[in-house]
Amino acid sequence: MSSNRLIFHVDVNSAYLSWTAVDRIQHGSTMDIREIPSVVAGDPKNRHGIILAKSIPAKKYKIQTGEPLYSALEKCPQLFIVSPCYDLFVRCSNAMMNLLKEYTPRIQRFSVDECFLDFTGMENLYPDYMALANEIKDKIKTELGFTVSIGVSCNKLLAKVASDIKKPDAVTSLFPSEIKEKMWPLDVGDLFMVGRATIPKLNKLNIFTIGDLANYNLDILKAQLKSHGAVIWNYANGIENSPVRTSNHISMKGIGNSTTIPFNVENKEEAHKVILSLCETIGMRLRDSKNFCSLVSISFRTSNFYGYGRQKKLHYYTDSTMKIAEEAYKLFDELWQNEPLRHIGVQVSELCTNEFYQITLFDEKGMDKNRTIDKTIDSIRLRFGSKSIYRCIFLQSGLKPLTGGTNENDFPMMGSTL
DNA sequence: TCTGGGGTCCTAGGACCC
DNA sequence: TCTGGGGTCCTAGGACCC
């Protein structure tokens with residue numbers, strides 16, 4: 001049964017900030033930005049000015065991840081600011097994964113800085129699991145230079161909550177026998193899947209701690225919060241039994257690409273160019289993953305931050321950049337009412353593998369011309385880099401011909417599903 | 001110089017069919 | 001000329017995660 005499993009959750013402490021700190025030290029800096037009030041944040045000039053990560057001293061000023069940089073600076077004028085370097089983050093993340101693989105092959109990468117390890121049935125190899133967790137934590141610190149917090153339990157939910165209890169550089173267990181003492185006193189918002197919108201709803205029911213939630217009447221909760229109520233009630237009681245999924249078992253559900261443009265987009269032609277540049281990357285990723293899509297959606301946000309979205313089910317499957325772009329143009333034109341835009345996104349979903357359709361839809365005679373072009377462009381970009389070839393409409397447009405990364409995130413980011 | 005980007009899952013309402 | 005219900009598909013929007 002699930003109570004016999006042994007699961008670790010490994011969480012990098014202030015990942016983006018720690019990784020940047022290590023990199024700076026390796027490049028000769030004598031200052032450790034982890035020890036001063038500092039943040040990783042985008043550039044407000046490009047309208048990317050939000051806090052992506054903060055140091056522990058910055059946290060003392062109540063600076064929060066996701067808040068605008070300007071408001072963080074109001075709280076702490078001497079705040080030290082560094083720019084994100086996503087290449088570095090991916091390299092650090094990979095280095096940690098490779099280190100962890102030495103301990104068990106059963107690893108689920110949950111995000112760039114979090115993963116679950118399954119040690120079930122390995123008691124002979126690792127008789128003392130707390131010693132094992134400490135060894136892993138210390139090895140990451142010694143060899144890679146950054147600290148992690150590790151949670152130890154019998155399922156993923158409890159392990160994840162546990163890793164959050166003590167930070168940084170700590171190991172915490174949270175087995176079912178410890179729930180009452182270690183988990184129930186915590187704020188209900190500390191529970192996985194209890195976010196911004198749910199907290200006030202629970203507070204109205206007089207639920208303030210995880211213990212309050214665990215002991216609440218399940219039927220009333222379900223009436224108020226539908227299926228979500230049952231999910232979080234189970235979590236509050238430590239009930240969760242999803243497997244540690246190794247990456248091979250995970251299939252992608254959709255691909256999205258969106259961007260905030262440094263200036264407002266105010267005419268249709270320019271918007272279409274942005275959409276095309278987003279579709280270039282989506283198309284490449286789709287083809288690279290050997291999938292077709294049959295649902296295209298677009299979304300945008302106006303300069304005064306109002307969001308819109310529209311989607312369309314295609315009654316065919318495609319992996320063509322131009323096809324996706326043309327569907328996206330249509331959706332955009334139907335929805336847009338000339339408001340100035342700061343942000344535009346394109347998403348594709350309802351994917352299916354191209355293994356079968358490749359033969360039936362694209363036999364040699366009926367081979368789509370777009371498909372040949374896409375394949376050729378993909379291979380040129382693969383050999384000579386993504387800037388080696390692009391559509392001439394982007395020349396002197398002030399827009400990037402390709403938006404978003406293609407292959408850097410070759411691990412799935414399954415944020416809200418354990 | 002105010003407010004990112006990439007995911008998954010669920011719900012509700014309308015159209016349409018039997 | 002009273003006003004049934006199921007089912008599926010599609011779309012919009014909102015919740016959560018990192």
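Here is how names work: the chains are called A, B, and so on, in the same order as the sequence lines, proteins then strands, and each is numbered from 1.
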Check your understanding: So does A/Lys160 get a side-chain nitrogen or oxygen closer than 4.0 Å to the phosphate oxygens (OP1/OP2) of C/dC17?
Key -> no
Check your understanding: Roughly how many Å is it from CE in A/Met193 to C1' in C/dC16, rounded to a whole number?
Key -> 5 Å
Exercise for review: Using a heavy-atom cut-off of under 4.0 Å over every strand shown, decide if A/Ser297 touches base, sugar-phosphate, or nothing.
Suggested key: nothing
Practice item. Establish, from distance only, whether the side-chain atoms of A/Asp333 and A/His272 form a donor-acceptor pair under 3.5 Å. Key: yes
Check your understanding: What interatomic distance, in whole Å, is found between P of B/dT3 and the corresponding atom of C/dC18?
Key -> 23 Å
Check your understanding: Reckon A/Gly66 touches a base, only the sugar-phosphate, or nothing at all at heavy-atom distances under 4.0 Å?
Key -> nothing
Practice item. Taking atom types as modelled, find out whether A/Tyr103 and A/Glu135 have a side-chain donor-acceptor pair closer than 3.5 angstrom. Key: yes
Practice item. Would you classify A/Thr198 as touching base, sugar-phosphate or nothing, given that sugar-phosphate means primed atoms plus P, OP1 and OP2, and contacts are heavy atoms under 4.0 Å? Key: sugar-phosphate
Review point. In whole angstroms, how far is the C1' atom of C/dC18 from the CD1 atom of A/Ile51?
Key: 17 Å
Check your understanding: Base, sugar-phosphate, or nothing: which does A/Lys45 touch, judged by heavy atoms less than 4.0 Å apart?
Key -> base
Point to revise | Pairwise 5' ranking along DNA chain B for A/Gly254 and A/Ser303, keeping only the more 5' one | key: A/Ser303
Review point. Does a side-chain N-to-carboxylate-O contact under 4.0 Å join A/Arg34 and A/Asp32?
Key: yes
Point to revise | Whole-Å distance separating the CG atom of A/Leu202 from the P atom of C/dC16 | key: 10 Å
Practice item. With heavy atoms under 4.0 Å as the rule, sort A/Leu69 into base, sugar-phosphate or nothing. Key: nothing
Check your understanding: Once you round to the nearest 0.5 Å, how far does CH2 of A/Trp233 lie from CG of A/Asp219?
Key -> 9.5 Å
Check your understanding: Is there ring stacking between A/Phe305 and B/dT3, where the centres must be under 5.5 angstrom apart and the planes under 30 degrees?
Key -> yes
Point to revise | Complementary nucleotide of C/dT8, counting Watson-Crick and G-U pairs under 3.5 Å | key: B/dA15
Practice item. Sticking with atom C1', work out how far C/dC16 lies from B/dC2, rounded to a whole angstrom. Key: 25 Å
Practice item. Select base, sugar-phosphate, or nothing to describe what A/Glu114 touches, counting heavy atoms under 4.0 Å on all strands. Key: sugar-phosphate
Check your understanding: Quick one: A/Asn264 CG to B/dT1 C1', roughly how many Å, whole number?
Key -> 13 Å
Practice item. May I ask you to evaluate whether A/Asn257 reaches the phosphate of B/dG6, defined as a side-chain N or O under 4.0 Å from OP1 or OP2? Key: yes
Check your understanding: Counting only side-chain N and O atoms of A/Ser111, is one of them less than 4.0 Å from OP1 or OP2 of C/dC17?
Key -> no
Review point. Within less than 4.0 Å of OP1 or OP2 of B/dT3, is there a side-chain N or O belonging to A/Arg301?
Key: no
Exercise for review: Give a yes/no answer on whether the side chain of A/Ser227 brings an N or O atom under 4.0 Å of OP1 or OP2 in B/dT11.
Suggested key: yes
Review point. Are A/Ser277 and A/Arg391 close enough that a side-chain donor and a side-chain acceptor fall under 3.5 Å?
Key: no
**Study point:** Among B/dG4, B/dT3, B/dC9, the one nearest A/Thr417 by side-chain distance
**Key:** B/dC9
Point to revise | Separation of atom NE2 in A/His343 from atom C1' in B/dG5, rounded to whole Å | key: 6 Å
Check your understanding: Atom CG of A/Leu278 to atom C1' of B/dG6: distance rounded to whole Å?
Key -> 13 Å
Exercise for review: Determine, step by step, whether A/Glu240 and A/Lys156 satisfy the salt bridge (charged side-chain N to carboxylate O under 4.0 Å, His left out) criterion, reporting the C-alpha distance in whole Å, the side-chain angles of both residues, the deciding distance to 0.1 Å, and the verdict.
Suggested key: CA-CA 7 Å; A/Glu240 194 277 324; A/Lys156 284 155 65 180; 5.3 Å; no
Check your understanding: Is any side-chain N or O of A/Arg310 closer than 4.0 Å to OP1 or OP2 of C/dT11?
Key -> no
Exercise for review: Kindly say if A/Arg196 contacts the phosphate of C/dC16, meaning a side-chain N or O under 4.0 Å from OP1 or OP2.
Suggested key: no
Practice item. Name the residue closer to the 5' end of DNA chain B, choosing between A/Ile50 and A/Ile255 according to the nucleotide with the nearest heavy atom. Key: A/Ile50
Exercise for review: Look at the side-chain N and O atoms of A/Arg342 and state whether any lies under 4.0 Å from the OP1 or OP2 oxygen of B/dG4.
Suggested key: yes
Exercise for review: Please work out if A/Asn46 contacts a base, only the sugar-phosphate, or nothing of the nucleic acid, heavy-atom cut-off 4.0 Å.
Suggested key: nothing
Review point. Contact class for A/Gly42 (heavy atom, under 4.0 Å): base, sugar-phosphate, or nothing?
Key: nothing
Check your understanding: Would you find more than 12 non-hydrogen atoms of other residues, nucleotides or ligands less than 6.0 Å from A/Tyr129 atom OH?
Key -> no
Practice item. Look at A/Thr259 and B/dG5 and indicate whether a side-chain polar atom (N or O) is within less than 4.0 Å of OP1 or OP2. Key: yes
Check your understanding: Tell me: NZ of A/Lys253 to P of B/dC10, nearest whole Å?
Key -> 10 Å
Review point. So does A/Ser416 reach the base of C/dC16 with its side chain, donor to acceptor, closer than 3.5 Å?
Key: yes
Review point. Quick one: A/Asn304 CG to B/dC2 C1', roughly how many Å, whole number?
Key: 13 Å
**Study point:** Nearest-neighbour nucleotide for the A/Phe110 side chain, B/dT3, C/dC18, C/dT11 considered
**Key:** C/dC18
Point to revise | Side-chain N or O of A/His228 closer than 4.0 Å to phosphate OP1/OP2 of B/dC10 | key: no
Revision key, fill the gap. To the nearest 0.5 Å, atom NZ of A/Lys166 lies from atom CD1 of A/Ile150 at 12.5 Å
